[in-house]
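One structure is given below, encoded as structure tokens.
In what follows, chains are A, B, ... by sequence order, proteins preceding strands, each numbered from 1.
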Amino acid sequence: MLLRANNVWWRQKPMTHEYRSHNCGELEAKNVGDQVRLSGWVHRIRDHGGLLFIDLRDHYGLIQCVVEPDESEFSKAENIHAEWVVRINGPVVARSDETINKDLPTGRIEVRIEQLEVLSKSEELPLPIFGEPDYPEDTRLKYRFLDLRRETIHGNIVKRSKIISSMRNRMVEQGFMEYQTPILTASSPEGARDFLVPSRVHPGKFYALPQAPQQFKQLIMMAGFDRYFQIAPCFRDEDARADRSPGEFYQLDIEMSFVTQEDVFEAVEPMLLGLFEEFGGKPVAKDFPKIPFDEAFRKYGSDKPDLRNPLIMENVSEHFRGGGFGIFAGILDKDEKNAIWAIPAPTGGSRAFCDRMNGWAQKEEKQPGLAYIFFKEGKGSGPVAKNIGEERTMALRDQLGLKDGDAVFFAAGNPKDFAEFAGRARVRVGELLELTDNDKFAFCWIVDFPMFEWDEENKKIDFSHNPFSMPQGGLDVLTNAKSDEELLDIKAYQYDIVCNGIELSSGAIRNHLPEIMYKAFDIAGYGTEVLEDKFGGMLRALQYGAPPHGGIAPGVDRIVMLLCDEPNIREVTMFPMNQQAEDLLMGAPDNVHPEQLRELHIRLKLPKTKGEGV
RNA sequence: GGGGGUGUAGCUCAGUUGGUUAGAGCGCUGGCCUGUCACGCCAGAGGCCGCGGGUUCGAGUCCCGUCACUCCCGCCA
């Protein structure tokens, strides 16, 4: 039942008000005897022939109204339908003890209908509100205004509003100020695909919608402001996912001057902790451990580890080197970079469980298999244990702190290639053995991201995250690097904040020195001209006294998803597009009038549509 | 761009080795009902089995193609 309640209408109106003296959620036992006027939607009708109930609903809640046949309005009430908008006048009466509804905040009372006025009728509903049964998503999106009347999503949207409001308050309390940045701006040469907006005044030229206010927030620091934030709309023309809307999303964009990485963490941690404690409904781990990028892969096989899962992987190569398990010994001999990693599985010590994991590895992960040992009766079982012998098996068990009833799985080869698979195995073990505590929030920082990465497609070095990050070691480390390999080893003051295995945000201490910017872009294959052409404003700003600065930009939508416990972003977005980036309610994108195109100096050259050209 | 899943009444789904008239629940319409709150009872309407082709005496069921939705990969500095 509707539990919106606790929301007292902003101001009590007199009975003489056109539509309402109270809202549907605020009446309680103390109002018994009051004459009230309510307006809302007909949520549900229960017609007993001689007695008729209307559940009246508005934004604030639900209240039962009742009318008896001798009342003049009874026949009118018999002819109304779900989702009609009506106004009701009448006294608040107490329900008898047997008829109290404990599931409803207003369940101790009801309103006796003395006057009933239909304010607006509804066609037969394409989408029922009451009971909110599953409905196809395209129907929900086409009739979003109805969908949004449903309890769960209505509550999510209200909660989203409160979350954003709380974010703002928490930021302002910490001395941050909110500034707006442009929506029409310039395209940038790397990153996501831009949304382009043609210029009428400048034929053939285009604005781009900002992928993030990245450059603007840095310019705000260079302009001498400090501690900026903004609930910032961001636009990227990339394909959607369950947790990613097509086209647009919001970031809590943050930037600060004269700060180190630690200062950013100190600003963000209490904000997120407070927010999750306020809205999450689950315990939040107070500690935000800082895990270097390399270590995250080594221990968790991921740069966004879920710390609710207690399992930590370990390198166990030494127990296999030169041992009786030929496959692993061979892999270790083949290349000194190769290793054997162990994924411990406490309580997983049965052949059934090990087989299940092995089957998963083969079927879902297309791996040749997943080697394992399980421990019982004081010794290790399974083919691997047999091959390496009891001494090595026991040494392995001791290193991992395992005991009878436990198991361990192995991944072998070059960690670069198998780390992510091993990470997924870790996640799966944690879930299947119920070692992962789903009933909490666990944050961590991932720090020391590499400055560059190898772009396999273009066979060149590219920025791994943000081209504006400060390399650890500054200009020297860039100029001194002798090889691609050394360049790829360079770390940046670049960090992510992760919650329950979900990346909420990337951030960085920025590079505020023009010579480093030239050099870094040079390494990534962007010449001076590109830099000056595309980042001219930024470069100019760096040359006139730029403060050291840094920031971060947590994704608002993902935070709301976590706090509403919704796996799909469309459940926390009021008017989302579908996965094909169409707005089924407003009908976007759409054709435009030829005159509009002419004004913009645009002629269409369309691809053959599917099914055409027969 | 690629892969997986789904597609039968407005909705959620059932539908046997291919076999006569394709079912149920919810919703909708009509009727009955004075204490329900998932009200109850009775009756009714509602189907190009996503679409196109093929196999077959016969296709909701098998095969091919296609479309739609959804999830994932690519992509998302």
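- Contact between A/Leu51 and A/Val66 at its shortest, heavy atoms only, is CD1-CG2, 3.7 Å.
- Atom CG of A/Leu51 is separated from atom C1' of B/rC33 by 10 Å (rounded to the nearest Å).
- Among the atoms of the strands shown, only primed sugar atoms or phosphate atoms (P, OP1, OP2) are found under 4.0 Å from some heavy atom of A/Gln580.
- Judged by Watson-Crick or G-U wobble contacts below 3.5 Å, the nucleotide B/rA24 has B/rU12 as its partner.
- Out of B/rC37, B/rC71, B/rC11, the shortest distance to the side chain of A/Tyr135 is found at B/rC11.
- Ring orientation note: the planes of A/Phe421 and A/Trp360 are close to parallel, at an angle under 30° on the 30°/60° scale.
- Residue A/Arg193 is out of contact with every strand shown, counting any heavy-atom pair closer than 4.0 Å.
- Regarding A/Glu98, its CD atom lies at a distance of 17 Å from the C1' atom of B/rC39, rounded to whole Å.
- As judged by a 4.0 angstrom heavy-atom cut-off over every strand, A/Gln579 is placed among the base-contacting residues.
- Between B/rC37 and B/rG27, the distance separating the two P atoms is 14 Å to the nearest Å.
- Remark: the separation of the P atoms in B/rG40 and B/rG25 is 13 Å, to the nearest Å.
- For the C1' atoms, the distance from B/rG47 to B/rC13 is 15 Å, rounded to whole Å.
- Looking at heavy-atom distances under 4.0 Å, A/Arg510 makes no contact with the nucleic acid at all.
- Rounded to an integer number of Å, the gap from A/His48 NE2 to B/rC42 P is 16 Å.
- Among all heavy-atom pairs drawn from A/Pro471 and A/Val477, the shortest one is CB-CG1, 4.3 Å.
- Below the 3.5 angstrom threshold, one finds no donor paired with an acceptor across the side chain of A/Glu238 and the base of B/rG74.
- The nearest whole Å value for the distance from the CD1 atom in A/Ile54 to the P atom in B/rC39 is 14 Å.
- Both A/Asp239 and A/His81 lie close to RNA chain B; mapped to their nearest nucleotides by heavy-atom distance, the more 5′-ward contact belongs to A/His81.
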Pair A/Phe293-A/Tyr495, ring-ring contact (aromatic ring centres under 6.0 Å, His included): steps then yes or no: CA-CA 9 Å; A/Phe293 176 84; A/Tyr495 37 84; over 10 Å; no
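- The separation between A/Glu571 atom CD and B/rU70 atom C1' is 13 Å, rounded to whole Å.
- Between B/rU36, B/rU12, B/rC73, one nucleotide has an atom nearer to the side chain of A/Arg241 than all others, and that is B/rC73.
- At a cut-off of 3.5 angstrom, the base of B/rU36 holds no donor-acceptor pair with the side chain of A/Arg44.
- Comparing A/Val66 and A/Asp462, the nucleotide of RNA chain B nearest to each residue sits closer to the 5' end for A/Val66.
- Residue A/Asn568 is in sugar-phosphate contact alone, with no base atom involved, counting any heavy-atom pair closer than 4.0 Å across all strands shown.
- Base engagement by A/Pro467 is indicated by at least one non-hydrogen atom pair under 4.0 Å involving a base atom.
- Nucleotide B/rC49 forms no Watson-Crick or G-U wobble pair with any nucleotide shown, as no partner meets the under 3.5 Å limit on both distances.
- Backbone-only contact: A/Glu582 has heavy atoms under 4.0 Å from sugar-phosphate atoms and none from a base.
- Here the side chain of A/Ala192 is nearest to one of B/rC76, B/rG35, B/rC71, namely B/rC76.
- For the C1' atom pair drawn from B/rC72 and B/rA14, the interatomic distance equals 29 Å after rounding to whole Å.
- The P atoms of B/rU17 and B/rC63 are separated by 14 Å, rounded to the nearest whole Å.
- For A/Arg244 against B/rC76, a side-chain N or O and a base N or O form a donor-acceptor pair under 3.5 Å.
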A/Glu137 and A/Asn578: CA distance, side-chain angles, deciding distance, side-chain hydrogen bond (donor to acceptor under 3.5 Å, both in side chains) verdict: CA-CA 8 Å; A/Glu137 197 163 37; A/Asn578 67 7; over 6 Å; no
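- Shown here, B/rG58 forms no base pair; nothing in the strands shown gives a Watson-Crick or G-U wobble contact with both key distances under 3.5 Å.
- In terms of modelled atom types and a separation under 3.5 Å, the side chain of A/Arg426 and the main chain of A/Asn309 share a donor-acceptor contact.
- Here A/Glu137 lies in heavy-atom contact (under 4.0 Å) with sugar-phosphate atoms only.
- As rounded to the nearest Å, B/rA43 and B/rU20 have P atoms that lie 26 Å from one another.
- As judged by a 4.0 angstrom heavy-atom cut-off over every strand, A/Arg140 is placed among residues making no nucleic acid contact.
- Under the 3.5 Å distance criterion, the side-chain polar atoms of A/Glu566 are left unmatched by any main-chain donor or acceptor of A/Val572.
- Atom name C1', nucleotides B/rC26 and B/rA45: the rounded distance is 16 Å, in whole Å.
- In this structure, the nucleotide among B/rC37, B/rA38, B/rG10 sitting nearest to the side chain of A/Phe130 is B/rA38.
- Shown here, B/rG1 forms a base pair with B/rC73; the pair counts as Watson-Crick or G-U wobble because both key distances fall under 3.5 Å.
- Residue contacts for A/Phe463: at a heavy-atom cut-off of 4.0 Å it reaches the sugar-phosphate backbone alone, with no base atom in range.
- Below 30°, between 30° and 60°, or above 60°: for A/Phe463 and A/Tyr526 the angle between ring planes is below 30°, a parallel geometry.
- Here B/rU36 presents its P atom at 10 Å from CD of A/Gln64, a figure rounded to the nearest Å.
- Base pairing of B/rG7: its partner is B/rC67, meeting the Watson-Crick or G-U wobble criterion (both donor-acceptor distances under 3.5 Å).
- Using Watson-Crick or G-U wobble geometry with both donor-acceptor distances under 3.5 Å, B/rC41 finds its partner in B/rG31.
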